[in-house]
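Positions are given from 1, in the same order as the sequence printed here. All figures in this text were calculated on a predicted structure; none of them were measured in a lab. All ligand and atom numbering here is 1-based and tracks the order in the structure.
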Amino acid sequence: MMKSGSSDVCEIILDNPPVNALGLPVRRYIIAAIEAAEADPAIRCIIIRGGGGLFTAGADIAEFRTDQMQILWLPDLVDRIEACSKPVIAAIWGNCLGGGMEMVLACHFRIADTSARFALPEVKIGILPGAGGTQRLPRLVDPAVALELMISGRTIDALRAHEIGLVDRIVDGDLVAEAFKIASADRLPPIRRTGSIPPPVNLPEAVAETRASLRKGGLSASPERIVECVAAIEADFAPGRAVEKRLFAELMDSQAARGLQHAFFGERKVARIPGIGADIRPRSIKTVGIVGGGLMGTGIAIALLNAGLDVIVVETRGDARDKARDTVGRTILRDVEKRRVSQSEADARLAALTLAPSLEALADVDLVIEAVFEDLAVKKEIFTTLDSIVRFDAILASNTSTLDLDAIAAFTSDPSRVVGLHFFSPANIMRLLEVVRGGRTAPDVLATAMVFARRIGKVGVVSGVCDGFIGNRMFEEYLRQAYFLLEEGALPQQIDQAMEAWGVAMGPLRVLDLAGQDIGWAIRKRRAVEQPDRPYSGIVDRICEMGRFGQKVGKGIYDYADGRTAVPDPEIERLFAGYSAEIGLERRSISDAEIVEHCLLALINEGARIVGEGIAYRPVDVDMIYLNGYGFARERGGPMFQADEQGLATVLEKIRILAAGRNGWAWEPAALLVEFAAQGKRLADLNI
Ligand code: 3H9
């Protein structure tokens, strides 16, 4: 791997596809190369660069918390590079992230071409730049800029990196040739050690300002710890570096870091479908038809236009067509105003949109997404018609969230080309796409749906067919427990606040108000017929009987005097107290911990049931659905991750206690939990 392009230059090429992560073999290679170059009197200068079009994505995250990580500890290697007695030049193209950027900071001269991208994204995986980054970056660039980069984890391009002083020279041409030119010149770059630069005078001020601006009470301590590390910078490098080491280890051990890292790998894992290998070739999708120009259809259209696809929206009603065009136009215009896209890009997106009055317009599309009213008779008409109109190789997708996909597929002559694409509202914002695999969906159709999800910037997760699919089926059990807690004595605001403080974006009762209480009511009425043995509490029905359908009508469980803010309503508190008395329950004081436990265990138990039934391929699929579609905090990793964190034996014991109590019928433990707990396994062991 070590090459000498000219006899007096040592070239170190990071070569560890796909992202040149700095795992142990790479660290071994670098240290050996540096030491050999230093010892070789013929070598005057060293170049470090990445192979395969990027520098490196940083430390190997898969090594975290393993013994391997401690061997040739990356921060020591970075220090060794800085201490090198011969000039070390970093030549950067493509991504230069995390530990890779920290390595670059320790080099003596930095050049980059315009493809280079820099970031210290450690905060996003719950840790901090632990290879000297917190100590070197604030010495090299303005400390306020350094703090902002480390706390946001955001990426900057080569020009910005040059502007702030992170890069010494931008190369507009052949990066490697330029690096060799510099390394072979008579006058080599001087050895400037970033770690020896005195702390900038404005460092205390930058620390104080950043500290004051930090959001309080986040689930991850990374931002605070990053500030602490920077505050510990002294003229001597060692003390600050020791603080960084201690705080890095503390964060690495935290649940937030484990949860965030689970999310990082999980989002990549769910893209892989067991049994579908590289031999299955996805179909090409360029033009997509959307049936239905309502809220959902319009949101989907925006998501697709933003991803550069051609879109034809079929909407029979002329006024709805105008409204859809207007909504798409306004949303894209807002992106121009917010400088997210250029005017010409926005014009191109709008030009890619066609609105049509009938399904005939979809004769030549590659994919159709049906997003109309949830009524099987309506879907039947649409799918039967589509079947005779679209190309034989076009994929037919339904956005249904409640109906049986296999029944919909049966309306066509070729059910193998039917798949579910369950978007979450607002479809242009929410990252989750539940990809529903029908009983006869062809492998290449499923593979295409997953590639399509990624193409439009979504996290696609496969679900089998069942009522509610993965996400909503679990949510029902979660809500069921929230209702029981209401009738036992908890107030809505207590339930919502307890869950929000623990780690969901919005508590369950506020979600109901936002979605519309009438929707939940309709589902409960349907369930009363389908599942009479699994009764819901009638407590929230009382609210619906009063016409309090939620935020859209200004009143639901909460009062929305300003149309937006949920304000607890004393009338509802009286109503609930009356309801409890009516069913003979003496209201009791319920702790926040009990609320969280009931709600979380309900998600865990149903999630484990879903995995056990094969509806989800793996526990991680369930987690990624909750993180990307249900506002579950990434630091919490997801319900299945939480089960493993608690230990399955503990989870099972708690469920069994609940099963012996009031409404114990709702707590029959999932067979998978029983089996795995008995075998001492973790859910994560089910990792196909
Ligand atoms: C760090 O550096 C700590 C130091 O401060 C201190 C240490 C003491 N490690 O995302 P993709 C895998 S923390 C291991 O699909 P893209 C990824 O799992 C690190 N594996 O490609 C996937 O595997 P698979 C700070 C990694 O083109 C494959 O590579 N750095 C790592 O869409 C392709 O990835 C970060 O947090 C890694 N560091 O995006 C950067 N990175 O094919 C994290 C990727 O088996 N990485 N993999 O599923 C990224 O942001 C994106 O992966 C990147 C490429 C932008 C690089």
Heavy atom of the protein closest to [atom] (residue, atom name, distance):
atom: atom 23 (O) of ligand 1; result: Arg272 NH2, 4.5 Å
atom: atom 44 (C) of ligand 1; result: Val19 CG2, 3.6 Å
atom: atom 50 (O) of ligand 1; result: Leu97 CD1, 4.2 Å
atom: atom 25 (C) of ligand 1; result: Ala57 O, 3.6 Å
atom: atom 36 (O) of ligand 1; result: Pro121 CG, 3.6 Å
atom: atom 29 (O) of ligand 1; result: Pro18 CG, 3.5 Å
atom: atom 32 (O) of ligand 1; result: Arg454 NH2, 3.1 Å
atom: atom 4 (C) of ligand 1; result: Glu102 OE1, 3.3 Å

For ligand 1, which atoms have a heavy atom of [X] less than 4.0 angstrom away?
X: Pro129; answer: 5 (O)
X: Asn95; answer: 55 (C)
X: Gly98; answer: 2 (O), 25 (C)
X: Ile125; answer: 13 (S)

Can you tell me if [X] uses its side chain to pair, donor with acceptor, with the backbone of [Y] under 3.5 Å?
X: Glu102; Y: Gly133; answer: yes
X: Arg169; Y: Ile111; answer: no
X: Ser222; Y: Ile127; answer: yes
X: Glu82; Y: Gly195; answer: yes

So, taking the atom named CG in Leu97 and the one named CZ in Phe118, what distance separates them when rounded to the nearest 0.5 Å? 9.5 Å
First locate atom CG of Leu648, then atom CZ of Arg682, and finally report the distance between them rounded to the nearest 0.5 Å. 8.5 Å
Would you please say whether a donor-acceptor pair under 3.5 Å links the side chains of [X] and [Y]?
X: Arg618; Y: Asn687; value: no
X: Ser463; Y: Glu434; value: no
X: Gln255; Y: Gln642; value: yes
X: Thr134; Y: Glu244; value: yes

I need the contact type for [X] against ligand 1. Using non-hydrogen atoms and a strict under-4.0 Å cut-off, is it side chain, backbone, both or neither?
X: Leu54; value: neither
X: Asp60; value: both
X: Lys245; value: neither
X: Ile61; value: both

For [atom], is the nearest protein heavy atom under 4.0 Å away?
atom: atom 27 (O) of ligand 1; value: no
atom: atom 9 (N) of ligand 1; value: yes
atom: atom 48 (O) of ligand 1; value: yes

The option among Ala249, Gly58, Gly99, Ala59 carrying the non-hydrogen atom nearest to atom 37 (C) of ligand 1 is Ala59
Any idea which of Arg268, Glu122, Arg117 brings a heavy atom closest to atom 17 (C) of ligand 1? Arg268
Report the C-alpha distance between Asp366 and Arg283 in whole Å, list the side-chain angles of each, state the deciding distance to 0.1 Å, and finish with yes or no for salt bridge (charged side-chain N to carboxylate O under 4.0 Å, His left out). CA-CA 8 Å; Asp366 305 307; Arg283 301 182 192 180; over 6 Å; no
Should the ring pair Tyr626 and Tyr630 be called parallel, tilted or perpendicular, given that the plane angle runs from 0 to 90° and is split at 30 and 60? parallel
Six-ring centre of Phe264, Arg268 cation under 6.0 angstrom, axis tolerance 45°: yes
Report yes if some N/O of Gly130 lies less than 3.5 Å from some N/O of ligand 1; otherwise report no. yes
